[in-house]
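Here's the structure we're looking at; comments come further down.
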Amino acid sequence: MDAAEMTGPEPAREPQRGPERGGGGPSQEPGGLLDVLGVAAVVLNAEGRIVLWSPQAEALFGWSAAEALGRPAARVLVDEEHVTWVLSWFARIMSGGGSWAGVFPVRHKDGSRQLTEFRNMRLEDSRGGHYALMLATDQVTLRRLERDLALSLRLVEQSPIGLAAVGPDLRYILVNPALERINGIPAAQQLGHTVGEALPFLDVRGIESAMRTVLAGGNPLLDQLTVGRTPADPERERAWSVSYYRLDDTGGRVVGVATSVVDVTEQHSSAIAAAAARRRLTVLADASERIGTTLDLDVTARELADVLVPEFADFAAVDVLDSVLFDTTARTGDGSPAVFRALAIKTAYRTPMADAADPVGEIARYDARRLVTRSVRKGRPLLVAHVTEADLPRIARDEAAAEQLKQARIHSYMAVPLRARGQVLGALDMIRARNPRPFTDDDVVLATELAARAAVCIDNARWYQRQRHAALALQRHLLPDRPPQPPGLEVAYRYQPADSAVEVGGDWFDVIALADDKTALVVGDVMGSGINAAAAMGQLRTAARTLARLDLAPAVVLTHLDGIAEGLDETIATCIYAVYDPRGRSCRVACAGHLPPVLTRLGNPPRLLDLPTGVPLGVGGTSFEDVLLEFGEGDELLLYTDGLVETRDHAIDTRLRALTDLLNRERRSLEETCDLLLDALHHHDGSDDVALLLARARTWPLSRR
């Protein structure tokens, strides 16, 4: 047999495309393992001469084909000391005594010796001739590959980290025991299947998308967080850190994607807890800044709801006991309904929960079964971490509201009492629906802290509101109800109390009928606020009316009022006192530290009167001066308090100029002019009272002069 008969026909230059998965036939892309081993093939004839010599043999032994072919193999490859042993084995193989495998020291062309792994067997051609086939590879390379393979298998099998590999079709080709334990599924039920088929309870779309990305680009994806439940622990949500990296063989061919899976549930839970703690601190800090910015009860309730939604809850409602608002005693120990007034509701989005809540401002009666009633009666928070359909009647106000809460898919509820200074003022309701996490005991602690802070602010607002109502009632009682229209004068007035409770109480005006058809016009402002200021104002107004009837000059009246103010516990007040005489068509005016009146003569622009300013009442030790003004028919005199023109944002001269500009417009009725001044000048924050008195001289019969 010649070489052509041994090697067979020449192979095709372009191999055919390999079969689809599971089919037979030749493969277009051979694996690279044989290339790594460098397996050499040598064929000997019956005389032991080399008749075929592969390129791998040249690479392994150093001899070229021209140098080796035709020569006895024993003389080319074997040391003299081993020739006899080799020839005996060769004879046994050629006689049909079997094959031989083992490690043998081969002589390299360069004279060195190298241990070589051999496989020897007899071949027979079509003519009955016999040949010996030697397959050889370097022992060091083979042992290294065996070691690497063994290490790889042990690393995969014994690794405490879950390891898996999928092929290019994303079907599992390897699953180690650690991943079996993590998934709770035997490897046999995963091998050959996709992630979606084997682990449908995980985020299949995200996992397979990550695998395809790595498969296409070759860049690894590290520490991808995945959360879910597996059959290994179906009752608890667990977290895993998953890394993906592409697998290429030694020839650079893509063989799949490997994944490593590490259970990080405890770290994830700790991170979530830390993040929740940071959020709670943020909410508390936010609450310190945003709750209680005013002494308005409704505003404070809205501020509390705004802090909670959407950061903490999807819905919040703030209700206050009606008995608290009106300072009555509510029954709390029996099964009677609790009467609430809704102060604020807030939702994070459009939801039926808003319709299920009691409308803001309306009275609601909650029976004893409702959780909010129980929370108020017991004075402690109530938590329903996982709301069921059976819980809805205890949360909702009626059946219709329960159905709306069901539609909203609420899943967690909490009611917390609003407690301040040992008294329960109301309750705070919170619901989660879209927020997937249930309320926890830590959330109860946070909500209780927020409710306590808000309750103090609500209680302060409640007391200040009560003080405001008392001060307003006192002041309105002390101010003239409807001043008479005096002889020769047309009079209009306005009084606007401050919006803030602490600012009510100091401003007053009066119109006093005197002898001989004269009229006293008075506007004053007691410094300070609240009930004390209102009471001092009442005393000064009464004293002014008494002194006015003595027909004293304005400066004298102010002097007496100054002495009276000194005896009213450091009361300080400013005042304008004017006496109009219709017979003399004149007006005598004195000022005690007050802003100047505005005189508008018919046909002339308005002007601020240049009066001796004097000092406020209550300072003592000073005198006051009168100024006599002509005050004819059609002339107007405006007296006012500082709340009309003083602001924090503008200079007083600017505001006084704005006042005179308004009065310089087309003449209106006195009532219209008063409305114009209040609308245009009274500052939007309502931080001070306003009193103004506008008088216009009218026709006075000559017979009366």
Side-chain angles (χ1 to χ4, degrees), residues 11-39 55-56 59 137-138 141-142 144-180 182-183 185-200 202-226 228 240-262:
R13 294 176 182 266
E14 296 182 2
Q16 297 178 354
R17 181 176 296 275
E20 298 297 327
R21 180 179 179 271
S27 174
Q28 181 183 11
E29 297 181 0
L33 184 56
L34 292 178
D35 293 333
V36 174
L37 290 172
V39 177
Q56 289 81 6
T137 187
D138 179 60
T141 301
L142 180 61
R144 185 179 70 247
L145 187 61
E146 290 174 341
R147 182 199 62 199
D148 292 347
L149 181 59
L151 287 175
S152 298
L153 291 174
R154 297 288 82 77
L155 284 172
V156 170
E157 291 177 356
Q158 298 177 14
S159 171
I161 298 173
L163 299 174
V166 298
D169 57 357
L170 301 189
R171 293 182 179 275
Y172 282 106
I173 56 178
L174 181 146
V175 174
N176 78 336
L179 192 58
E180 286 184 287
I182 289 173
N183 291 337
I185 300 176
Q189 297 181 21
Q190 301 179 59
L191 295 176
H193 297 281
T194 65
V195 177
E197 293 168 350
L199 309 170
L202 296 180
D203 178 17
V204 174
R205 180 177 299 179
I207 293 172
E208 291 189 342
S209 175
M211 288 179 172
R212 289 191 181 93
T213 299
V214 172
L215 199 61
N219 295 319
L221 290 176
L222 305 178
D223 299 326
Q224 305 296 298
L225 183 67
T226 297
W240 303 276
S241 175
V242 184
S243 296
Y244 305 88
Y245 51 98
R246 196 171 73 182
L247 296 175
D248 300 337
D249 64 13
T250 55
R253 186 183 63 166
V254 177
V255 296
V257 175
T259 65
S260 63
V261 181
V262 179

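A quick note: this is a predicted structure, and the numbers were derived from the prediction, not measured. We count residues from 1, following the sequence as given. Below, each value reflects all heavy atoms present in this structure, side chains not excepted, and no hydrogens, waters or symmetry copies.
Side-chain N or O atoms of E208 include none that pairs as donor or acceptor with a backbone N or O of R205 at under 3.5 Å. R246 places no side-chain N or O within 3.5 Å of a backbone atom of V257 that could act as its donor or acceptor partner. The backbone N or O of A187 sits less than 3.5 Å from a side-chain atom of E180, completing a donor-acceptor pair. Remark: the backbone N or O of V195 is not paired with any side-chain donor or acceptor of E197 at under 3.5 angstrom.
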*Apply the test side chain to side chain contact (heavy atoms under 4.5 Å, CB included) to residues N219 and V214: give CA-CA distance (whole Å), side-chain angles for both, the deciding distance (0.1 Å), then the verdict.*
CA-CA 6 Å; N219 295 319; V214 172; over 6 Å; no
*Check step by step if side chain to side chain contact (heavy atoms under 4.5 Å, CB included) holds for N183 and L199.*
CA-CA 8 Å; N183 291 337; L199 309 170; 3.6 Å; yes
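Atoms CD and CG, from E157 and N176 in turn, are 8.5 Å apart once rounded to the nearest 0.5 Å. The structure places CZ of R253 at 12.0 Å from CG of L247, a figure rounded to the nearest 0.5 Å. One finds the OG atom of S243 at 10.5 Å from the CG atom of L163 (value rounded to the nearest 0.5 Å). Here the CG atom belonging to L202 is positioned 5.0 Å from the CD1 atom belonging to I207, to the nearest 0.5 angstrom. Taken to the nearest 0.5 Å, the OH atom of Y244 stands 10.0 Å off from the OG1 atom of T213. Annotation: the span from I161 atom CD1 to T259 atom OG1 amounts to 11.5 Å, rounded to 0.5 Å.
Looking at L215 and V254, their side chains come closer than 4.5 Å, going by heavy atoms from C-beta outward.
Of the N and O atoms on the side chains of T226 and D203, not one donor lies less than 3.5 Å from an acceptor on the other residue.
Of all heavy-atom pairs spanning A164 and Y172, the tightest one is CB-CE2, 3.8 Å.
Here the rule is side chain to side chain contact (heavy atoms under 4.5 Å, CB included) with Q190, and of L174, V166, I185 only I185 fits it.
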